[in-house]
Each structure stands twice: as C-alpha cells, then as structure tokens.
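Below you'll find the structure, written out as structure tokens, and then a few comments.
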Amino acid sequence: MSTTEPDQLSKPLPQQLGRYLRDNPMVPLVIFLILLVASLELMRPGIVTPFRAGREGLISTFWLGNLIKFAIPLAMLAACQVLTMLTAGIDLSVGITATVAAFVCATLSSVWGVTPAVFVALFCGLTVGLVNGFGVGVVRVHPLIMTLGTGLIATGCLQVYQRLVINAGSEIPAFLAWLGTGRTFGMPNGLYVFIPFAVFIIWLMRSTGFGRLLFALGSNERAAKLSGVRAWQVYLALYALSGLIAALAGLLYLGMIRQTSLSLANPLLLPSVAAAVIGGTSIFGGRGSFTGAIIGALILRVIDTMLTLLQMPEGARTALFGGIILAVTALYVRITGTR
Amino acid sequence: MTVHLRKYAWVCGLAVLFCALLIVTRLIQPSFGASGLESLARAALPFAFAAAGMAVVVIVGGIDLSVASMMAVCAVTAAVLMESMAGVPALVAVLALGLGMGAINGALIVLTRVPDIVVTLAMLFVWEGLALLILPTPGGATADWLQQAIRGFVLIEWLPKALVITVACAVLVWLPIRRNKLGLSIYAVGSDERAAFRSGVAVGRTKIAAYGLCGLFCAFGGLSLAALTGIGEPVPGPYLLASVAAVVLGGCVLGGGKGGLLGPIIAVFILRIIRTILTLMAVDPNVTTIVEGTIMVGVVMLGTALTLGGARR
C-alpha cells in the first residue's frame, strides 16, 4: 500500500480513516471486541480484570477460559464457512456433520476402542464432505441446496444408526474429555488442538497454491477456469476438508459437553455462519480471513454472556442476539465500504 | 418460446409425477381414498404456504431463511388474539403482521446493503425471540370456525377444503400481482438487477414488496399452523428446509428470475405424498428422512445436469 500513501495524505480525514479501515478490516473488529469486554466489566466488575484480589481473580481466569473454550468449536465450524464462502459457497451441513462425528465416536468407543472410533468419526465427516464436493464440483448443484440436502440425509442416517446402537451405551474417550474440560494455567486444553489448527488454516489460505485457487475461483470463476484451474478438483478437496474440520470440531465439542445427543452441535450452525460474516468474509466469494472469523466467534460468545448476565427472558435474548448480529454486520459493511 | 416450453414442461412433469404417486398410493393401500387425500392436503397446508412465500423471494433473486420463524410469530399471535378478539379482525391483524415482518426483512436488506442470506439469518433469531416473547409456552386457542375451515370437503366429495384454500390464497394473492407491473418488476430484478435498474425499475421497492409478499404467505402458513394444532406454538417448525426443497423441486432457480408459484406448491404435495407412501409401506420414519434428502439432492442434480449447469449463478 506504500504507493498510495501520498494520495492518502491529500484526502480529508474521514476518507483516510475509511481507507485505513478497509485495508485493515481487523481493527474495527478488535476495537468492538474490546468495547464489548469493557462493558461486560462495567456490568459485572471483576469478571475480566485478574488483578482484583482474592477469589475474584480466580473467577476471572475461569470466565476467560470458559469464553475461549466455548468459542473454539464455533471458530472451527466458522473455518468451514470461511473456506467455502471464499468460493462463493456455503456449508450448511457442518452442524449435523459434527453431531454425527460426536455420536459415532461416543457409541463406538465402548465397542471398538477409542482410536478406531475417532478414525471412523473423522471418516464420516470426510464422506459427507466428499458427497458435498461431488455435488457442488462435478454436478454443479448450488452449494446451499447441496449441503442442506446432505445435512438432511445425514440426519436420517444418524437416526437410523441410533436405533441400531441403542443398547450399546456410550463412552466419552478420556483424552477428548481432557481436551474439552481440562485446563492448563487457566486456559482450556482445547487450545492444544485449536492453535495448530488455526495456524494451519491461515497458512493454507495465505501461502499455499490451494488457498490461492480458492480466492481465484471466488473472485471470478470463469477467469480462473480459463486460466487452467480444474474447478471440480478444488471443490471436491475443499468440501472434503470442510467435512473433516466439522468432524474434528464435533469430537472436541463432545469432550466439552460430555453427553451424546442427536442434535449436539446443530445449534452451532447458524452462529458459525454469523461468526464468519462478522469476521469480514464475503458471502459472494473472493474475500475473507480466518483471523476475522475467530474474532467473530469471540464476539458472539461475549454477546451471549452479556445477554445471559442481563437475565432477560429467553425470547428477548434470542431477538437481541439476532439484532446485534445484523447491526454489527451492517456497521461493518458501512465502515469498510465492502459487502 | 423454448424457455416457456421448458418452464411449463417442468410443472406438467411435476403434475404427472404427482398423479403417478397418487396411483401408487392407491395400489399400495386400496382403501386410500377421499379421507386420505383430505388429510394429505391438510398436512401439506403450512408447507405449501411456506414454499409459496419462499418462491416469491427466490424469484426476486434472494432467499429468506426466516420463514419458519415468521410462521411461528403469526401462529402465536393468532392464538393469543383469538382468545380475546372476534375472528375476522384477528385474522386481518395476523395477515398485516406477516406483511409487516416481511417488509421489514426486505427494507433491512435494501437499506443496510448486507447480503440477504445474512439479514434473514439474523432476523430468524429476532422473529424466533419475538414469538417466545408473545407466548413463552405453547398455549392460547384458535376459533372453532378456523379449525373447521380446513377440515372436510367442499362441493364434491373428492375436493378437500384445505386444497381449495391453498389454491385460492395463492391465486388471489399472486395472480393479480403477476399480471401487474409489480410482477414484471419482480421477475426483472430477479433476472438481472442492474439491467432492471437501468430500465427504470425501482429495485429497492420491488425487493421490499417481494419480501412483504413472502411475509404475507408466512402469515397464511402461521394461521394454518394454528388451525391445525388448535394452539400457538412459539418454536419454529421444519419449514425452512422443506420450503427450500420444494422451491427448487418446483422449478425456481436460486439466483432468481425463473419459476412460478404453481411448481413449488405441487412439489410440496409430491414431498408429502412420498412421506405417506413410505409410511403406508411401513418404512421406518427415520429412513423417510434419508429418502426425502436423497430425492431432493437427486432431483436437483438431474435438473442441473439437464439444463447444463445453468442453475448456478
């Protein structure tokens, strides 16, 4: 951006600010997150600041750890949305894929042992992803329809499977429970998985050929194809990866909740889309970042905490949640001048 | 000309498929007759309205993820109002409420310039919360005549009232608009927003009107939901997925400009009768979900393959 600098200096301040924010879309998000946390601190003093004496300090690290802990699966599912949105797609099957992986893992661990169960669970996610990729890439069905459809099929399969294993009982693998609920220095152990994962995704998006292909296909599919990109291979790999990530997130979430259910991770689906969008990923493709999605997930969790603290009726909480998502996105679009 | 032919061919094909499925049902269960048809039409009622609403929005080039939530709001409002008010004013109030909610969705999309998927996703939470605020637990009551209005037959013994209501509402609302300037604008905006704008179509107003129409159909859906159950239920049903499936099956193209309301409504009946057939064949209801998903994906794949990848924007 150094070449445009003289140009910037001659412009009035608001425009300069607008351009600065457009070049650094993370800045307003981080400011917003800090503002949210600050207002949380005002509402309930001692919830954030660790330097308050005695038990307050304990509570605050506890709260921060909890916040990060529950933001992790959300951020992982948001990674699926960011990656697919880069190519102007969307993956609405991630919620159910995560649920399937968690359920399969929990029920198979008691029968086959933990390691095979984890692999079978990941394989389930990969299968759903491959079916999505086949539909989107090869048959060229709209991603929204394709992933909704596979989600529906997966729901049915899960229900049938549940009938079959109803007597087998379930067992949460110990290391998943350790990852999900354990803490090191007050921070959740899930970070051991999440930090390498986040580094991998950011590396994948920024500095590999695959990442560039995603951006190219999203910016202009026809141009990318004319330049020799075999689009169907990219789509197949992309959706398979998305399914795999969703399964991984499901396993992690299983360790956190430590209960099996047929709709375990389903409520995370729409917030994962919201986290990606708040984080500045364009639903029309070609623009997005995983760092933004992580901050988006954190913002959603802080808002959630805040609304719980206000002790409003559930209806008002849900409505406010939706309103805030809309307001944040609208503001973001206004400030950065993009969509 | 060929476009027209293809459009009507799709709808005709759907109708033939529906008739074939009716015959199959009759073969499997010889006692399937007027009463079976009546319960089918009754069960399809909310789905048909959800699909009709979604179809209008898809034609204008958008998508509305909040249909199920809007239906829930309308259902609880109807149940609450009918406890204390006379029937007809309550009915009108609910329809106006639906229209208003839809118009708010549309206005937010136009004013904030945020993508429609994101706006309606956020509004899904807002309307869901509103439904819970109006009625925290299932309750309220609906008038007897409303419940009777969708039961039984009209004129002859083979014509269920619910079917007549579906067709009448869709025709009365949609046909005048379709023949009007507004209908033309809706299709124009759906086909190519920029071209429509340059031809002097008020794009923003058209979008708001289309989303308002969707809300109106959701109000009909909510009313039928309240009539079916007799109470108001604040939790949204499975209407979002079903309506998207029906709209796509019914020949509307995501991205806009193509399709009508007849196709999606027939598609709803096809999806419902497949459910009936599978139930009659004593198939596990869970397998039914798999079959439904497979049919949805399969038909879309087939349709996309036939039109040579034209369905993607």
Side-chain angles (χ1 to χ4, degrees), chain A residues 88 90 92 131-132 134-136 138-163 221 270-271 273-274 276-278 282-284 312-334 337 339, chain B residues 63 65-66 69 108 111-119 121-136 234 238 240-242 244-245 247-248 253-255 284-305 308-313:
Chain A
I90 192 165
L92 293 183
V131 173
N132 280 335
F134 174 77
V136 174
V138 181
V139 195
R140 314 209 42 71
V141 180
H142 196 288
L144 190 76
I145 302 168
M146 191 63 215
T147 50
L148 270 183
T150 45
L152 209 60
I153 298 173
T155 312
C157 292
L158 182 63
Q159 281 166 350
V160 173
Y161 173 76
Q162 182 237 2
R163 284 279 187 82
E221 191 179 352
L270 295 176
V273 177
V277 170
I278 289 177
S282 164
I283 212 154
F284 299 117
M312 271 191 271
E314 196 196 340
R317 235 163 50 203
T318 319
L320 260 179
F321 185 72
I324 291 173
I325 292 177
L326 185 62
V328 171
T329 329
L331 207 66
Y332 193 78
V333 166
R334 243 327 114 74
R339 36 188 294 176
Chain B
I63 192 161
L65 301 184
S66 65
S69 307
L108 285 174
L111 290 180
T112 59
R113 294 187 295 135
V114 174
D116 39 29
I117 277 193
V118 183
V119 172
L121 173 70
M123 294 315 279
L124 176 153
F125 291 109
V126 173
W127 301 135
E128 197 184 319
L130 186 63
L132 280 172
L133 279 182
I134 295 173
L135 202 62
L240 169 61
L241 259 168
V244 174
V247 163
V248 173
V253 176
L254 284 189
D284 184 345
N286 297 321
V287 178
T288 315
T289 318
I290 305 180
V291 173
E292 262 183 2
T294 317
I295 288 175
M296 173 180 152
V297 171
V299 168
V300 175
M301 278 185 177
L302 195 72
T304 322
L308 290 172
R312 257 180 79 110
R313 267 203 272 187

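What you see is a predicted model; the values in this text were computed from it and never measured. Chain identifiers are assigned alphabetically (A, B, ...) following the order of the sequence lines, protein sequences preceding nucleic acid strands; residue numbering begins at 1 within each chain.
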**Prompt:** Considering only heavy atoms, which portion of B/Val244 lies under 4.5 Å from any heavy atom of chain A: side chain, backbone, both, or neither?
**Reply:** side chain
**Prompt:** So which heavy atom on A/Pro143 is nearest to which on A/Val136, and how close?
**Reply:** CA-CG2, 3.8 Å
**Prompt:** Are B/Met123 and B/Val126 side-chain neighbours, meaning at least one heavy-atom pair lies under 4.5 Å?
**Reply:** yes
**Max heavy-atom pair count under 4.5 Å with chain B, selected residue of A/Ala154, A/Cys157, A/Pro313, A/Gly323** = A/Cys157
**Asked** Any side-chain heavy atom of A/Val131 within less than 4.5 Å of one from A/Met146?
**Response** yes
**Request:** Go through B/Leu65, B/Thr294, B/Ile134 and name the one with the most non-hydrogen pairs under 4.5 angstrom from chain A.
**Result:** B/Thr294
**Request:** Mind checking the CG-CG spacing from B/Leu130 to B/Leu135? Nearest 0.5 Å is all I need.
**Result:** 11.5 Å
**Asked** Given a strict heavy-atom distance threshold of 4.5 Å, which part of B/Ile63 is in contact with chain A: side chain, backbone, both, or neither?
**Response** side chain
**Asked** Which atoms of B/Leu124 come close to chain A, meaning under 4.5 Å heavy atom to heavy atom: side chain ones, backbone ones, both, or neither?
**Response** side chain
**Message:** With a 4.5 angstrom heavy-atom cut-off, is it the side chain or the backbone of A/Phe134 that approaches chain B, or both, or neither?
**Reply:** side chain
**Request:** Examine whether an atom of B/Leu108 lies under 4.5 Å from a heavy atom of chain A, and if so say whether it belongs to the side chain, the backbone or both; otherwise answer neither.
**Result:** side chain
**Item:** Contact summary for B/Pro136 and B/Pro234, nearest pair of heavy atoms
**Value:** O-CG, 4.1 Å
**Asked** How close do B/Ser69 and B/Trp127 get, heavy atom to heavy atom, and via which atoms?
**Response** CB-CB, 3.7 Å
**Fill in**
Per-residue tally against chain B (heavy atom, under 4.5 Å) across A/Leu270, A/Ile325, A/Leu92, A/Val277 peaks at A/Leu270
**Fill in**
Nearest heavy-atom approach of A/Thr329 to B/Val114 is CG2-CG1, 3.9 Å
**Message:** Is B/Val287 in contact with chain A via its backbone, its side chain, both, or neither, using a 4.5 Å heavy-atom distance?
**Reply:** both
